[in-house]
Participant: 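If you scroll down you'll find the structure; I have some questions about it.
Just so you know, ligand 1 is whichever comes first in the structure, and atom 1 is the first atom listed for that ligand.
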Amino acid sequence: DFVEFNKFFNRIIDRFEMSKSQNVKFIRYIPEVSYFVDIDTDKLTQVIDNIISNALKYSPDGGNIRFGFTVQDNMLKVMVSDDGMGIPKENVSRVFDRFYRVDRARSREMGGTGLGLAIAKEMIEAHGGKIWAESEEGVGTTIFFTLPYELDEAGDWE
Ligand code: ATP
Ligand code: MG
């Protein structure tokens, strides 16, 4: 499907913002320029749902989750950033492995299978993008992913 990314992204964030039970503030840095992406909307929704539910799961009471995107190297670069417990440096790249969960004890309490980010990586790469995490323990985590985009609805006719 060919969709306007800002609307698509805002709609997903709205859904979480309306249903969340935690005391966590959502802050959006979403440009009003129209960027169109040619995506499987169900799959991308699943990817973003997992990233946001992780951010909520690991957010402290009173924390913020920041959402944004920019254009970099001809790609949309999307970020979701939280003030949560973070991920130890040596484990950051492994969170995209199947069934990998940072800390068995804390993960058991949180529920989940450890598949969310592995699926996200597969889906983002299938769309021609990349996904990675930057994190600092006790400070927070930012998940980034990129997607190819078009500036006009007609698509790229070159
Ligand atoms: P599932 O998504 O299958 O329900 P999950 O959330 O545990 O389970 P992933 O989404 O793949 O699995 O995340 C893998 C692990 O990475 C998590 O178990 C957690 O340890 C760590 N992690 C992911 N996102 C964050 C985050 N925002 N803050 C801190 N740790 C995170
Ligand atoms: Mg998850």
Side-chain angles (χ1 to χ4, degrees), residues 1 3 5-31 35 37 39-73 75-148:
D1 322 351
V3 298
F5 188 77
N6 8 13
K7 285 188 185 152
F8 171 72
F9 195 31
N10 270 314
R11 218 170 289 130
I12 298 174
I13 302 166
D14 288 343
R15 171 161 48 80
F16 276 90
E17 193 161 38
M18 284 187 290
S19 62
K20 73 181 160 66
S21 52
Q22 295 99 314
N23 172 31
V24 172
K25 201 168 133 198
F26 283 16
I27 303 169
R28 307 187 201 205
Y29 302 92
I30 297 182
Y35 295 105
V37 289
I39 55 171
D40 181 324
T41 49
D42 288 345
K43 290 187 170 155
L44 252 293
T45 299
Q46 197 186 328
V47 167
I48 296 170
D49 279 4
N50 178 62
I51 294 171
I52 301 176
S53 45
N54 285 347
L56 275 170
K57 219 166 12 173
Y58 298 104
S59 278
D61 187 62
N64 295 323
I65 301 179
R66 292 160 296 276
F67 302 88
F69 64 83
T70 54
V71 168
Q72 197 177 310
D73 302 327
M75 300 282 273
L76 280 190
K77 180 179 170 190
V78 185
M79 68 104 189
V80 176
S81 176
D82 66 59
D83 300 327
M85 64 179 80
I87 303 166
K89 280 263 169 311
E90 62 273 22
N91 301 328
V92 174
S93 61
R94 299 191 57 196
V95 298
F96 298 97
D97 294 351
R98 277 162 183 267
F99 306 115
Y100 184 78
R101 313 191 68 202
V102 168
D103 172 333
R104 281 168 199 282
R106 90 178 176 196
S107 296
R108 205 175 298 119
E109 287 167 33
M110 300 289 190
T113 59
L115 274 172
L117 288 177
I119 293 168
K121 183 171 196 281
E122 240 170 70
M123 290 180 178
I124 292 294
E125 288 176 355
H127 282 80
K130 287 191 175 131
I131 184 167
W132 68 97
E134 289 175 10
S135 187
E136 197 174 332
E137 266 193 289
V139 178
T141 301
T142 306
I143 303 290
F144 294 96
F145 66 85
T146 59
L147 282 177

Participant: Can you confirm, on distance only, whether ligand 1 has an N/O atom lying under 3.5 Å from any N/O atom belonging to Val102?
Facilitator: yes
Participant: Can you see whether Asp1 engages Thr41 through a side-chain donor-acceptor pair at a distance of less than 3.5 angstrom?
Facilitator: yes
Participant: For ligand 1, is there an N or O atom under 3.5 Å from any N or O atom of Tyr100?
Facilitator: no
Participant: Consider every N or O of Gly114 and every N or O of ligand 1, then say whether any pair is closer than 3.5 Å.
Facilitator: yes
Participant: For ligand 1, which atoms have a heavy atom of Thr113 less than 4.0 angstrom away?
Facilitator: 1 (P), 3 (O), 4 (O), 8 (O)
Participant: Using ring centroids (six-membered ring only for Trp), state whether Phe67 and Phe26 fall under 6.0 Å.
Facilitator: yes
Participant: Is it the side chain, the backbone, both or neither of Leu117 that has a heavy atom closer than 4.0 Å to ligand 1?
Facilitator: both
Participant: Near the Mg ion (ligand 2), which protein N/O/S atoms fall under 2.8 Å?
Facilitator: Asn50 OD1, Asn54 OD1
Participant: Using a heavy-atom cut-off of under 4.0 Å, does the side chain or the backbone of Ile143 touch ligand 1, or both, or neither?
Facilitator: neither
Participant: Between Phe5 and Phe145, how do the two ring planes meet: parallel, tilted or perpendicular, split at 30° and 60°?
Facilitator: perpendicular
Participant: I'd like to know if Lys89 pairs up with Glu134 as an ion pair, taking the criterion as any Lys NZ or Arg NE/NH1/NH2 lying under 4.0 Å from an Asp or Glu carboxylate oxygen.
Facilitator: no
Participant: State plainly whether the residues Arg15 and Asp49 are in salt-bridge range, i.e. N to O under 4.0 Å.
Facilitator: yes
Participant: So which heavy atom on Ile124 is nearest to which on Thr146, and how close?
Facilitator: CG2-O, 3.8 Å
Participant: Do Tyr58 and Leu56 make a side-chain contact, defined as non-hydrogen atoms from C-beta onward lying under 4.5 Å apart?
Facilitator: no
Participant: When you measure from the heavy atoms of Gly86 to every atom of ligand 1, does any distance fall below 4.0 Å?
Facilitator: yes
Participant: If you measure every N or O of Met85 against every N or O of ligand 1, does any of those distances drop under 3.5 Å?
Facilitator: no
Participant: Hey, which atoms in ligand 1 end up nearer than 4.0 Å to a heavy atom of Asn50?
Facilitator: 2 (O), 10 (O)
Participant: Heavy-atom count check: over 12 atoms from other residues, nucleotides or ligands less than 6.0 Å from Lys77 NZ?
Facilitator: yes
Participant: Are Arg98 and Leu115 close enough, and set up right, to give a side-chain contact (heavy atoms from CB on, under 4.5 Å), and what steps lead you there?
Facilitator: CA-CA 5 Å; Arg98 277 162 183 267; Leu115 274 172; 3.9 Å; yes
Participant: Does some side-chain heavy atom of Ile52 sit less than 4.5 Å from a side-chain heavy atom of Ile48?
Facilitator: yes
